[in-house]
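Naming convention: chains lettered A, B, ... in sequence-line order (proteins, then strands); numbering from 1 in each chain.
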Protein chains: 2
Amino acid sequence: MSSDAARKRKRRESGVETATGPVQDNSFARTPLYLALAHDLEGRIRDGRLPLGSLLPPEPDLAAEFGVSRHTLRQAIQRLRRLGLVSAKKGVGTTICEADASSARRFVSASRADLSEQAEGTDFTIFESASVRARGSLASELACRPGREWFTLKGTRSEIGADRPMALDEVYVDPRLAETLKAMNPIRQAIFRLVEEVTGERIAEIRQTIRPVILDRPTAEVLNAQAGEPALKITRAYFSPSGRLLELSYQTLPADRFAYTTVLRDVTA
Amino acid sequence: MSSDAARKRKRRESGVETATGPVQDNSFARTPLYLALAHDLEGRIRDGRLPLGSLLPPEPDLAAEFGVSRHTLRQAIQRLRRLGLVSAKKGVGTTICEADASSARRFVSASRADLSEQAEGTDFTIFESASVRARGSLASELACRPGREWFTLKGTRSEIGADRPMALDEVYVDPRLAETLKAMNPIRQAIFRLVEEVTGERIAEIRQTIRPVILDRPTAEVLNAQAGEPALKITRAYFSPSGRLLELSYQTLPADRFAYTTVLRDVTA
DNA sequence: GAGAATTTGTTCGTATGTATG
DNA sequence: CCATACATACGAACAAATTCT
């Protein structure tokens, strides 16, 4: 209809500016409107015009400002959400929670191996468990207040038919899980699933750090490996939506039995 | 309007069945329609009613079958895409490319550190470069046909003001990049960006493997570190959308200077 | 504490653009 | 060139969560 011409005009007029300076000219490829919007917003966030920690203007306002429909604006915001720049909450608004969508964020991993800990087909065999209170270095590494009580497990993880364990696991969980966990040995489920079941809280985020270490004698013995060999040490912290730490685990994986593989896919396409 | 009542009725009638058997009753929480749809489709994919490798029915057909708008159906499909179950292509259709949305896929990473290689604020200083033909072990590790020509770079990567390098990099790229790369030293850009610029091909996927190693003497010397220390060895393979290998890199990172951190977020929320 | 206002989430409808075969 | 199938974009309305009065 005639609204089409009006639309086109509006698009030219809409306040979408490319983020920084001259910029590559993608006009030949006709960037979709919502991507241009996302790019614009990203720029505003990066340079602080939309300050970190603050709320985005309401969607209807932003849509009006850009001269686009709310639907299109929401597509742009959804993209920023996927990139981890903002997080929206019903009834509240959209918070800016990251300032840099550095090129590193362009890729998103979605790999089966991402959480090897919960790989199906492995048995977790507990050989030690106890109740502990977080003190000193543990408390600080857990980023929790000292004195909080945890239930800790130590055990080996092995693939079903394997003769040697694949990893040594050390796990800290809510004390409420003690009974459940002691009752099942070996454990075939991902432990964080059990945490969700027992505590009723959903795990929304996992922070994972990978470091190289050299196997010390006691660890090597448990793993039936040679002391002095290289290994990966993976630390995982499991958080509830509100940011509360629900589980912490350390995993030691000898080099000859495990490599950590991820596939990163481009999400800009 | 009156269409509202009709809508509600339709919803009850729509062929959305929960995936498996009795199923948890979420009716009290009123699952959004598009999630129910996604769940239903996921079930059909898992049990083979929608066979792996085949195309989904066209969106308008599916929408009609479920008795929902195309928009809602697309929301469901978008979810399946994020989970990696299907992949859509304009003019062709939506292909089913995975049968299991196993729990491992629940989390998706989006981290600044994901591609430390390209972290801004690092300099890559080349100290060796050459043209090579892939043979033997290299060719096999590259998963490329032997005899293909590559341009290889060796260099150190350091943070801007640091006195010691952070990593030793070994990179294999298309020979067309030789001139460009030799002309710039140090390199501040991510190399895979340059690959995209020069070859005109987009990098759509990166396969990344992390292993622990022990620093040997020559490597330790270059890095100004101690031989025998633990380090991470990260291998990255960069692929075009069609699956052609465009770049391969090895990176060695001493434990005391680097830890690999990722944040995995729940995408089911 | 009830209720109004605000803000994001869901869902419909419709039209047009663009890539593929 | 045409038909097909996904992609983008408009508009409108109601639902649900939160906050403020």
Point to revise | Distance in angstrom units between R79(B) CZ and dG9(C) C1', rounded | key: 15 Å
Review point. Roughly, in whole Å, what's the span from CD1 in I77(A) to P in dT8(D)?
Key: 17 Å
Study note, to complete from the structure: Of the candidates dT8(C), dT18(D), dC12(C), the side chain of S69(B) sits closest to dC12(C)
**Study point:** side-chain N/O T72(B) vs dT10(C) OP1/OP2, d < 4.0 Å
**Key:** no
Study note, to complete from the structure: From NZ of K90(B) across to C1' of dC6(D) the rounded distance in Å is 7 Å
**Study point:** Closest to the P58(A) side chain, choosing from dT8(C), dT11(C), dT8(D)
**Key:** dT8(C)
Study note, to complete from the structure: From OH of Y34(A) across to C1' of dG17(C) the rounded distance in Å is 13 Å
Study note, to complete from the structure: Looking only at dA9(D), dT8(C), dT10(C), the nucleotide nearest the P32(A) side chain is dA9(D)
Review point. In whole Å, what is the span from the NE2 atom of H71(A) to the C1' atom of dA15(C)?
Key: 13 Å
**Study point:** Rounded distance (Å) that lies between atom P of dT10(C) and atom CG of L73(A)
**Key:** 16 Å
Exercise for review: Among L194(A), L177(A), V195(A), find the residue that satisfies the side-chain contact (heavy atoms from CB on, under 4.5 Å) test when tested with E247(A).
Suggested key: V195(A)
Exercise for review: Round to the nearest Å and state the distance from Q78(A) atom CD to dT7(C) atom C1'.
Suggested key: 17 Å
Revision key, fill the gap. L73(A) and L37(A) have their tightest heavy-atom pair at CA-CD1, 4.0 Å
Check your understanding: Which one, dA7(D), dT8(C), dT18(D), comes nearest to the side chain of E59(B)?
Key -> dA7(D)
Review point. Atom CZ of R74(B) to atom C1' of dG13(C): distance rounded to whole Å?
Key: 15 Å
Check your understanding: Step by step, would you call Q208(A) with Y238(A) a side-chain hydrogen bond (donor to acceptor under 3.5 Å, both in side chains)?
Key -> CA-CA 9 Å; Q208(A) 176 181 265; Y238(A) 300 77; over 6 Å; no
Practice item. Taking all heavy atoms of W150(A) and all of D174(A), pick out the closest pair and write down the distance. Key: CE3-N, 4.3 Å
Review point. Does a side-chain N-to-carboxylate-O contact under 4.0 Å join E65(A) and R44(A)?
Key: yes
Review point. Taking OP1 and OP2 of dC6(D), is either one under 4.0 Å from a side-chain nitrogen or oxygen of T94(B)?
Key: yes
Exercise for review: Report the nucleotide, chosen from dT10(C), dT8(C), dC6(D), that has the shortest atom-to-atom distance to any side-chain atom of R70(B).
Suggested key: dC6(D)
Exercise for review: Go through dA9(D), dT20(C), dC12(C) for me and flag the one nearest to the V92(B) side chain.
Suggested key: dT20(C)
Study note, to complete from the structure: Per atom distances to the A88(A) side chain, the nearest of dG9(C), dT11(C), dC6(D) is dG9(C)
